[in-house]
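One structure below.
Atoms within each ligand, like the ligands themselves, are counted from 1 in listed order.
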Amino acid sequence: MLNEQKVAFLGAGSMAEAMISGMVSAKKLSPHHIIATNKSNEDRLTELREKYGITAISRDELVYEDVDVFILAMKPKDADAVLADLKDKINPNQLVMSVLAGISTEFMEFRLHDNQPIIRVMPNTSSMMQESATAISTGQHVGMDHVLTAKELLSCIGEVYVIEEEKMDIFTGIAGSGPAYFYYLMEHIEKAAAEEGMPPELARQIGAQTILGAAKMIMNRDETPSELRENVTSPNGTTAAGLDALAENGGGRAIMAAVKGASSRSKEISKQLEKVHA
Ligand SMILES: NC(=O)C1=CN([C@@H]2O[C@H](COP(=O)(O)OP(=O)(O)OC[C@H]3O[C@@H](n4cnc5c(N)ncnc54)[C@H](O)[C@@H]3O)[C@@H](O)[C@H]2O)C=CC1
Ligand SMILES: O=C(O)[C@@H]1CCC=N1
């Protein structure tokens, strides 16, 4: 189904690259049918072309009518300018997907054609390993065929969850921004290990394997995370000491604050744009 589809990214930064990498690895689309575009950075396009064998061209070179699916992948602050430009170049049969944090389908629908099918997407950079947790929510003019196309395309980069748009902010707090929390955790694991004399590279491998193992346990076992944690924790043992230190230092609160902070920022971006364009 995806075979003949042409997918054009508008914006060629880290998120676009992570998705492109996953899509190329999945081999469901011809790499030539994956098109990366940006406003002006030609070196970046050359890099992507050489690394992934895709079509990488400037926005001005893009033949808009040949594209089946557009993926908006610039920063939210550039959305308005890009949408204004896009409106004159696309038709209402083309599917527009957007990975922009905080930009609602309503905002995009208002700026494109009546009846434009728009799907809001929240992937994460683990797309590069085809391990993204990706959410989609649909605009008013999206049909089942569009949803199927989006799901098939995004399954190239990992798991896909269809959610209500009002849940996009919290999804962003958990999954869009989520990899950064685990990288931050790893940075501190490495630091503690180094202070105890373990080489950081070795600590990195051990820490990553530990996160991977815990994730697989959560995904494949029936126990809840609390039960799994209890199974690790011997009375008066090492884990109890570690968890006590986490609690004493506000570990749980800090994790909740991170998720809620990112979610709030997603809401705030939406509100700021609504205000500017009211
Ligand atoms: N980085 C991440 O982990 C995630 C990012 N996102 C979303 O992805 C989007 C892009 O984020 P990043 O890739 O991290 O940013 P980035 O700064 O790495 O890339 C932005 C890209 O947009 C291009 N650009 C800027 N103005 C443009 C225009 N007018 N027309 C075409 N291209 C234009 C830039 O040249 C650059 O290639 C953001 O909206 C962000 O909310 C969503 C999920 C995760
Ligand atoms: O930091 C950001 O705004 C983007 C959206 C989710 C992850 N990165």
Collect the protein residues that have a non-hydrogen atom under 4.0 Å from ligand 1 and hand them over in chain and number order. Gly11, Ala12, Gly13, Ser14, Met15, Asn38, Lys39, Arg59, Ala73, Met74, Lys75, Pro76, Asp78, Val82, Val99, Leu100, Ala101, Met122, Pro123, Thr125
Closest heavy-atom approach to atom 5 (C) of ligand 2 among Ser266, Ala101, Gly173 is made by Ala101
Does any N or O in the side chain of [X] come within less than 3.5 Å of the main-chain N or O of [Y], such that one atom is a donor and the other an acceptor?
X      : Y      : value
His146 : Pro117 : no
Glu109 : Gln140 : yes
Asn249 : Ala245 : yes
Thr233 : Arg229 : yes

Among all the protein's heavy atoms, is there at least one whose distance to atom 7 (C) of ligand 2 comes out below 4.0 Å? yes
Does a side-chain N-to-carboxylate-O contact under 4.0 Å join Lys271 and Glu268? no
Output yes when Glu17 and Arg44 qualify as a salt bridge under the 4.0 Å nitrogen-oxygen rule, no when they do not. yes
Return the residue, atom name and 0.1 Å-rounded distance of the protein heavy atom closest to atom 1 (O) of ligand 2. Ser177 OG, 4.8 Å
Run the numbers for me: atoms of ligand 2, each under 4.0 Å from some heavy atom of Gly176, listed by number. 6 (C), 7 (C)
The criterion is side chain to side chain contact (heavy atoms under 4.5 Å, CB included); which residues satisfy it with His32, sequence neighbours excluded? Ser30, Thr55
I'd like to know whether Ser21 forms a side-chain contact (heavy atoms from CB on, under 4.5 Å) with Tyr52, so could you lay out the CA-CA distance, the side-chain angles of the two residues, the decisive distance to 0.1 Å, and finally the verdict. CA-CA 7 Å; Ser21 172; Tyr52 300 106; 3.5 Å; yes
